[in-house]
There are 2 protein chains.
Amino acid sequence: MRYPPGHKEEKRKELLKAGGTLVKNRGFAASGVDALTEAAGVTSGAFYSHFASKNDLLKALIENELQTSREMWAGNPHESAEDWIGYELDRYLSMSHVRHPGAGCVLPALGAEIARAGEEIRQAYAKELAKGIEVLTQRLGDKELAWAFLCQMVGAILMARTMPDQKTQRAVLESSKRFLQAAISQMAGKTNVGQPGNAGGTIGNTRAARATGAARKIVPHAK
Amino acid sequence: MRYPPGHKEEKRKELLKAGGTLVKNRGFAASGVDALTEAAGVTSGAFYSHFASKNDLLKALIENELQTSREMWAGNPHESAEDWIGYELDRYLSMSHVRHPGAGCVLPALGAEIARAGEEIRQAYAKELAKGIEVLTQRLGDKELAWAFLCQMVGAILMARTMPDQKTQRAVLESSKRFLQAAISQMAGKTNVGQPGNAGGTIGNTRAARATGAARKIVPHAK
DNA sequence: GTCTATAATTTGATAGAC
DNA sequence: GTCTATCAAATTATAGAC
């Protein structure tokens, strides 16, 4: 063999990693196979020994990106649900995330292109995303709330990135962050967060939150 | 002249309208000039008598789309802020909107590509969007809240469209809708909505809402 | 003002040498 | 397994006829 063992797998990982960065920065449709392979240090001819087509790469790319995102969640050091969520809000809704799409979440960067992808890709995507939703659901105590949070975060990064100046970008980001923080503190106010037996658990049991009507204010932080 | 007067302007409008539909459906990068012009009933050669480049079309397209969206808002028949917002939530967060990107809002469909566009396009876009934000701010009584609502709505449509089946799409949509409806009813609960002198006005003055802490529950509706 | 025709690149993908 | 070379098709944009 001309190439050391494990070379192929290594290059495949590099195609996924470097390709992910490139595609999140430029968009999938705007990223040619040449640029994809060059970013990974191979030529376009070698590409097709790794993936059957450019679309096949997209599928693997999306799965890889969602897995990476979940690994980041797993690295969140906080135990209490409230702190855990707060940490993720700060990390996700940051100017760094706005300014560096290639290093960030795949959803705001490629969401529209995922939506336009074929059945097979969307199925694989949905399967991976469901795992993430489950994690978020465990922390927030409600699947609907998890979806709402995710949509808000994705929409905020997407919209902030469309803004032409950093000041407005920051304003967009902060608006969504405060909105979600308010929702959190509303729930935390009169539920069992931080109480015995709930360490590392959810922010609040939904049924309880509904029954007690445990919300307080919509904009808790001063600017 | 071989073509009747007003023909050019008419074709330009058609390029913007048909082009908008095509681009929102397929994405801008994936839409060739040939397809763009064919959709408007002209050949690719004529395209450049209307627009200096494909990117120039994108700019005009985005402005046109945002204007159209604001015209839809203007057609909202409700006077009270609460009803007005509720009507827009139902319209925007609908399965019809999820399933027909070409007929819908430009933000979930092209947001990522707008974010990647050049300064000039983003400036023109931001100027138009600001008008929309202003309308929303007048209804919601707070600019931050307006941004948060917009981000949630855009994110919800984007995420719903990525889902592979209608059932999940509906669930995503409903999650965000309930989340926003809850925020509305929290504010409406202890503010001056519907009271004398506030007809057609905002949902609540922010300062008042902050001071009184006029929120109640995060998930007001049963499933 | 729009048409046909075409230029110049770039695209996704394949074939064969090593 | 990856390289170079190359294909056919599609891309954005222009030139000249009418």
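Every chain is numbered from 1, with letters handed out A, B, ... down the list of sequences.
Summary for the helix from dG1(C)-dC18(D) to dC18(C)-dG1(D): the axes at its two ends, each from 5 pairs, differ by 0° when rounded to the nearest 10 degrees.
Between Glu88(B) and Trp73(B) the shortest side-chain heavy-atom distance falls below 4.5 Å. A 4.5 Å side-chain heavy-atom check between Trp147(A) and Leu173(B) finds every atom pair outside the cut-off. Between Leu129(B) and Leu107(B) the shortest side-chain heavy-atom distance falls below 4.5 Å.
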Handout entry: Worked verdict on Phe179(B) versus Phe179(A) for ring pair (Phe, Tyr, Trp, His ring centres under 6.0 Å)
Key = CA-CA 11 Å; Phe179(B) 191 68; Phe179(A) 191 68; 5.6 Å; yes
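In this structure, the NE2 atom of His50(B) is 8 Å from the C1' atom of dG1(C), given to the nearest Å. What separates OH of Tyr3(B) from P of dG1(C) is a distance of 11 Å, to the nearest Å. Between the OH atom of Tyr48(B) and the P atom of dT12(D) there is a distance of 6 Å, rounded to whole Å. As rounded to whole Å, 14 Å separates atom P of dG1(C) from atom CD of Glu10(B). The distance from atom NZ of Lys11(A) to atom C1' of dC3(D) is 13 Å, rounded to the nearest whole Å. Counting to the nearest Å, the P atom of dT2(C) and the CZ atom of Phe47(B) are 12 Å from each other. In this structure, Phe51(A) atom CZ and dG12(C) atom C1' are separated by 15 Å, rounded to whole Å. Rounded to whole Å, the distance from CG on Leu15(A) to P on dG12(C) is 14 Å.
Enclosure of atom CD in Glu38(B) is not indicated, since only 12 or fewer non-hydrogen atoms of other residues, nucleotides or ligands lie within 6.0 angstrom.
Figure legend: cation-pi geometry between Lys54(A) and Phe28(A), with NZ or CZ positioned under 6.0 Å from the six-membered ring centre and within 45° of its axis.
Scanning for side-chain hydrogen bond (donor to acceptor under 3.5 Å, both in side chains) contacts around Lys177(A) gives Asp90(A), with sequence neighbours left out.
DNA chain C is contacted by Ser31(A), Gly32(A), Val33(A), Ser44(A), Gly45(A) of residues 30-46 of chain A, taking any non-hydrogen atom closer than 4.0 Å.
No hydrogens or angles considered: nothing links the side chains of Ser53(B) and Asp56(B) as a donor-acceptor pair under 3.5 Å.
One N or O on the side chain of Arg161(B) and one on the backbone of Val98(B) form a donor-acceptor pair closer than 3.5 Å.
The side chain of Lys54(B) lies closest to dT12(D) when the candidates are dG12(C), dT12(D), dT2(C).
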